[in-house]
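Structure first, then comments.
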There are 2 protein chains.
Amino acid sequence: MIQVMVNGIPGNMGKIVAETCAARGLFVVPYSLTGEIIVENESEVAGKTIQLLKPSNREERIGEVLKQYPDVICIDYTHPSAVNDNADFYVRHGIPFVMGTTGGDREALAKLVADKNHPSVIAPNMAKQIVAFQAMIDFLSKEFPTAFSGYTLSVTESHQKTKADTSGTAKAVVADFAKMGLDCSEEKIVKVRTEAEQMEKMHVPEEYLGGHAFHTYALDSADGTVHFEFQHNVCGRKIYAEGTVDAVCFLAEQIKNGSAKPFNMMDVLRSGKMR
Amino acid sequence: MIQVMVNGIPGNMGKIVAETCAARGLFVVPYSLTGEIIVENESEVAGKTIQLLKPSNREERIGEVLKQYPDVICIDYTHPSAVNDNADFYVRHGIPFVMGTTGGDREALAKLVADKNHPSVIAPNMAKQIVAFQAMIDFLSKEFPTAFSGYTLSVTESHQKTKADTSGTAKAVVADFAKMGLDCSEEKIVKVRTEAEQMEKMHVPEEYLGGHAFHTYALDSADGTVHFEFQHNVCGRKIYAEGTVDAVCFLAEQIKNGSAKPFNMMDVLRSGKMR
């Protein structure tokens, strides 16, 4: 049974990931790294009591965790400001990890695991279906760069109203289409941030107004007779939790096979070919 | 200037293709192969009078065509029953051709051009954007076969009410998704054939009720929180005419470079990489 320590509890994402791990048959160890700012020392998640370790006491307590769970893999859903410090901690203690937290110094993070050849999966987007979609558009732009010559591209994305910036996924996909001569600069991406429009125009379910990521890419021929459309609409955070568990299972398998090293989500996706 | 003889005039597709050729700067020669059943001996297309050659007189008259237009390329939009006979004619007279007509004995057709290494583009679907889309889904199914495990696939297609059978494109795409474990057998593909539903549900413009090809593929996660959707909606036949002209231009370039041989639409698409 794969043992995981989900760090970032009692945060929302940490809790969802821990519950998803338990639901998919992984063993959630009763410890979690969290921030000094968290007042509690324990939290109830996935039907068990999780001990919360803070930066101030984690060095002295990690020994008892590793003694009980020597094969534990860490999952990190903490805070951008903790990314590099936590990665250092995992490497120092020889704990394989899946980094789902975004932000921090990504270059330093990549260098750290590369230098130590540390077993890890680092991905800014754990939704493997969306990573696959992006790879598919990348394939299109590389293989058939003139297929959509003369077409116009329009992009609409909807996220919870608290998200101020433009979707990073939309920007990445637009960059691929730009290689095909389809211009849709960042300022032309339509951002839907009002709840009325989200329900009426994008058909976001009311219960997910507070947390969703809807994207529509439309390609239209100059004469208007041909219309292509690609959508990826995500409600809540379940897809990221599921992708994270896939990453953990992949990493555990690599460790078992003696072939563990730093990976990304594309490696996890490609591994499906071998099954 | 590329010289083309568009065969299948006065058929609808032949006319559209001839007009598209003229609009894109190709020279449409004033001759066209047509069926014995056609009563007229000439037809007005793209602002000129086209002589119609029938199977009964084309052998004696092709000499005058080739004498005036030695570099002519034939485009075939005739009839399934004429496919193999016409291809024999092109090969016998050394005329490069683009075969846009579907049906006939495709194996015999492929063997003929392969045996003679005859300059040609043969494609059951001349819409290069749709060929690119299919290649993209094929890439997805081969590279990331488990990316959408547990998802359900639903497919809806709408065509003019006179089309009795299920869309061949939909069936081909479904076959690719099936490789990913997504089951949507042919009988589960929803065929929309009533005009009311086409306008209300599929948003087909009224003027194209008589000729359109709309396809929607939807992928939904088991818990309903993730929805992917791919659409390709074609009104009229312009896309096929444009793709045909692309194929002719590609073939002309290969002939000029001394590298002409039998090609398909994927070759035409890939050639975009070299530009």
Checklist entry - Atom CD1 of I137(A) and atom CE of M136(B): how far apart are they, to the nearest 0.5 Å? => result 4.5 Å
Next on the checklist: Quick one: does any side-chain atom of Q129(A) pair with a main-chain N or O of F148(B) as donor and acceptor, under 3.5 Å?
Outcome noted: no
Checklist entry - What distance do T225(B) atom OG1 and E242(A) atom CD have between them, rounded to the nearest 0.5 Å? => result 8.0 Å
Checklist entry - Does the side chain of F228(B) reach to within under 4.5 Å of the side chain of I130(A), using non-hydrogen atoms? => result yes
Checklist entry - Highest number of heavy-atom pairs under 4.5 Å with chain A: which of F230(B), Y208(B), F214(B)? => result F230(B)
Checklist entry - Quick one: of H227(A), R237(A), Q231(A), H215(A), who has the most non-hydrogen atom pairs under 4.5 Å with chain B? => result Q231(A)
Checklist entry - Quick check: are there more than 12 heavy atoms from other residues, nucleotides or ligands sitting under 6.0 Å from NZ of K48(B)? => result yes
Checklist entry - Atom CZ in F144(A), atom CZ in F133(B): separation rounded to 0.5 Å? => result 12.5 Å
Checklist entry - Highest number of heavy-atom pairs under 4.5 Å with chain B: which of G243(A), G236(A), C235(A)? => result C235(A)
Next on the checklist: Heavy-atom cut-off 4.5 Å, strictly under: side chain, backbone, both or neither for A218(B) against chain A?
Outcome noted: neither
Item to check | Within 6.0 angstrom of K179(A) NZ, more than 12 heavy atoms from elsewhere | outcome: yes
Next on the checklist: Please find the pair of heavy atoms, one from L269(A) and one from T146(B), that lie closest to each other, and give the distance.
Outcome noted: O-OG1, 4.4 Å
Checklist entry - Y217(A) versus chain B, heavy atoms under 4.5 Å apart: side chain, backbone, both or neither? => result neither
Checklist entry - Does NZ belonging to K256(B) count more than 12 external heavy atoms closer than 6.0 Å? => result no
Checklist entry - With a 4.5 angstrom heavy-atom cut-off, which part of A135(A) approaches chain B: side chain, backbone, both or neither? => result both
Checklist entry - Which bit of Y151(A) comes within less than 4.5 Å of chain B, counting heavy atoms only: side chain, backbone, both or neither? => result side chain
Next on the checklist: What part of L219(A) gets within 4.5 angstrom of chain B, counting heavy atoms only: side chain, backbone, both, or neither?
Outcome noted: neither
